[in-house]
Amino acid sequence: MEEDTGALPRKESFSEWYNEILWRAEIMDVRYPVKGLYVWYPHGFGIRKRAYGILRDLMDRDHAETMFPLLIPKTEFMKEAEHIKGFEDEVYWVTHGGRNELDVPLALRPTSETAIYPMYALWIRSHTDLPLKLYQVVNTFRYETKHTRPLIRLREITSFKEAHTVHASWEEAAAQVEVALGLYKEFYDTLRVPVILSRRPDWDKFPGADYTIAVDTIMPDGKTLQIGTVHMLGDHFSRTYAITYEDANGEQQYGYQTCYGISERSIAAVVSVHGDDKGLVLPPAVAPIEIVVVPIIVGKRRDEVLASATALESELRDAGFAVKLDARDMRPGAKYYHWEMRGVPLRVEVGPRDVDANTVVAVTRTGKKTTLDRRGVVEGITSVLSTFGEDLSQAARQAMAARITAVATLEETAEAVKSGVAVVHWCGSQECAEKIEAAVDASIIGSDIRSDLIAVSDGPCVVCGGEGRSALVARTY
RNA sequence: GGGGCAGUAGGGUAGCCUGGUCCAUCCUAGAGCGUUUGGGACGCUUUGACGGCAGUUCGAAUCUGCCCUGCCCCA
């Protein structure tokens, strides 16, 4: 792993900035020799580990974790016609075992509905088995033909958290969709990433779903990134896979299902939303190192300062912080740059002056400097870190708000989507959506918008003038 | 899916058209030694590459073919 030095490209050149920060901050190494597959550096994986720990804790409230196989027999995979159509061009097939051709080819899961639901059919017998709510965190494979991008568009999604639920009625399933959206909202609140929820147009929903609610954020270049989806499957799959239960009256009924997922795009969002010209900026909740202690070692007082820094490190570790003492033989400035690139939320400096005054100097990743009393340092740091996290949320919200524009004409829409998201009135027809796309080089991505940054209203469709309601128009990743 | 450009050490470049001590050069890269240390220190020594596979040739970073990988534009 190379030492980072020199300036990062400015964040305004987002694409360049993104590519470079991934290796400079040691998140992903893109040099793996297969297109669309990338390697997690330990630091990047540490971020993933903490983020997915949060996600697992949220899921575990109301779901059980499980693990299904990677390979799906073609016979099961091909059962659900609409679903296949949505994925058939992207599936990797295993056709051989050693030198022998397989009787039934095996698909590398692009998503696991067709692996899980045949088993659900076996597991579910009675209404007392419902609701069933399971999830797994697995890798999935999609033969992407568009340009691949680390963490964003992958041929191997390494961190797909997918949940699959079964309920006794359509209404219960629909209620679960709302529960899932609540969990995802909470997840992204913890990551300090602001999101917009909206309902995808019918032609853009998950193959085989009744409807899809998406969770999007807005990237620094104004394009939206879908960082979560929740699908109402209705009884579509349960009819195909014969997921039935006996109700209280002894009648056989089909189950109603939902599924929802989050991938490492969540990490891409954290990196992109918070990062700045100096590197990564991590919310304390996902930082593998929350605090770095930098001893300012000068000549004769070296041992004294080092002892003080070491004692501070232990005290902070005992208090439950992820803390690292950087005692390397380098100039302090070089260390500051090193940890700033990697997004460490808080740096604590201990030098001879601090030893004398019985203080420490705490500097947040965004440059807020506080001198703390050495006694009661845990309380002081807890408070500094919590304020830092809240400040990140606020800054991210403001940045997002600045990229959202309510517009009334196609000309204004075209202008708005160059740097962000436009909110238009739209009648809901595919015909008008296509006209918008043709006119403004961006698409209708959702209606039924839910965001406290967007005021939803009725109004005349921006294309046909018919009755319309607020919808999002954006360029997307 | 269609078109274009590219791949040389950890990173950045030159050399290619016009094959031949050209295995070059730069860096805030790596290793070692010493002096340093409150915002990217300095000196000396040293390491390391022509994307892969075939072909042409006495000889290939350079020419030919295929493949892989990356970037940009269009759909």
Name the pairing partner of B:U18, where a pair is Watson-Crick or G-U wobble with both distances under 3.5 Å, or state none.
-> none
Measure from the side chain of A:S15, starting at C-beta and using heavy atoms only, and say which of B:G38, B:C72, B:G39 lies closest.
-> B:C72
Basic-acidic side-chain contact under 4.0 Å: A:R365, A:D391 | no
Is A:E340 touching bases, backbone alone, or none of the nucleic acid, heavy atoms closer than 4.0 Å?
-> base
Given RNA chain B, 5'-ward residue of the pair A:N19 and A:G351, judged by closest heavy atom = A:G351
Quantified in whole Å, what is the P atom distance between nucleotide B:G15 and nucleotide B:A9?
-> 16 Å
Is A:K278 paired with A:D276 through a side-chain N to carboxylate O contact shorter than 4.0 Å?
-> no
What interatomic distance, in whole Å, is found between P of B:A24 and the corresponding atom of B:G48?
-> 11 Å
On a whole-Å scale, what distance lies between the C1' atoms belonging to B:C26 and B:A14?
-> 10 Å
Under a 3.5 Å limit for both distances, which nucleotide forms a Watson-Crick or G-U wobble pair with B:A75, could you say?
-> none
Please give the nucleotide sitting opposite B:C33 as a Watson-Crick or G-U wobble pair, both distances under 3.5 Å, or none.
-> B:G43
CH2 of A:W17 versus P of B:C71: gap in Å, rounded?
-> 17 Å
Given A:V407, A:T413, A:V462, the one that forms side chain to side chain contact (heavy atoms under 4.5 Å, CB included) with A:V440 | A:T413
Whole-Å distance separating the CD atom of A:E304 from the P atom of B:U37 | 17 Å
Integer angstrom distance from the P of B:G10 to that of B:G51 = 13 Å
Should we count NZ of A:K35 as having more than 12 external heavy atoms under 6.0 Å?
-> yes
Hey, what's the ring geometry for A:F206 with A:H231, parallel, tilted or perpendicular (30° and 60° as the breaks)?
-> parallel
With P as the reference atom in both, quote the distance from B:U18 to B:G43 in angstrom, rounded to an integer.
-> 44 Å
Figure out the CG/C1' separation between A:D29 and B:G11, and round it to whole Å.
-> 13 Å
In whole Å, what separates the P atom of B:A60 from that of B:G55?
-> 12 Å
Whole-Å distance, A:E20 CD to B:G11 C1', equals 9 Å
Can you tell me the Watson-Crick or wobble partner of B:C63, both distances under 3.5 angstrom?
-> B:G55
When you get a sec, tell me which of B:U37, B:C73, B:G40 is the closest nucleotide to the side chain of A:D329?
-> B:U37
Integer angstrom distance from the C1' of B:G4 to that of B:A49 = 27 Å
Touch class at under 4.0 angstrom, heavy-atom based, for A:R301 against every strand present = nothing
Under 5.5 Å between ring centres and under 30° between planes: true for A:Y336 and the base of B:G39?
-> no
Salt bridge check: are A:R374 and A:E315 linked by an N-O gap of less than 4.0 Å?
-> yes
Considering every strand shown, what is the Watson-Crick or G-U wobble mate of B:A24 when both distances are under 3.5 Å?
-> B:U13
Nearest-Å distance, CG (A:D326) to P (B:U37)?
-> 17 Å
Taking the P atom of each, how far is B:C63 from B:G7, in whole Å?
-> 11 Å
Measure from CH2 on A:W339 to P on B:G39 and round the result to the nearest Å.
-> 19 Å
Sugar-phosphate only, base, or nothing, as touched by A:G367 at under 4.0 Å among non-hydrogen atoms | nothing
Considering every strand shown, what is the Watson-Crick or G-U wobble mate of B:G48 when both distances are under 3.5 Å?
-> none
Mark yes or no for a side-chain to base donor-acceptor pair under 3.5 Å between A:R347 and B:G39, with no hydrogen or angle criteria applied.
-> yes
Among B:G70, B:G11, B:U37, which nucleotide sits nearest the side chain of A:R31?
-> B:G11
Would A:E88 and A:K85 pass as an ion pair if we require N to O under 4.0 Å?
-> no
For A:H338 and B:A41, what is the distance between atoms NE2 and P respectively, to the nearest whole Å?
-> 14 Å
Nucleotide of B:G38, B:C73, B:G1 approaching A:T145 most closely (side-chain heavy atoms) | B:G1
For A:D204, which residues count as a salt bridge (charged side-chain N to carboxylate O under 4.0 Å, His left out) partner, sequence neighbours excluded?
-> none
Has A:K335 got a side-chain N or O lying under 4.0 Å from the OP1 or OP2 atom of B:G40?
-> no
Quickly work out the A:K35 NZ to B:C68 P distance and round it to whole Å.
-> 11 Å
A:A334 side-chain proximity, nearest of B:G38, B:G70, B:G40 = B:G40
OP1 or OP2 of B:G38 under 4.0 Å from side-chain N/O of A:R331 | yes
By nearest-heavy-atom nucleotide on RNA chain B, the more 5' of A:L37 and A:V355 is A:V355
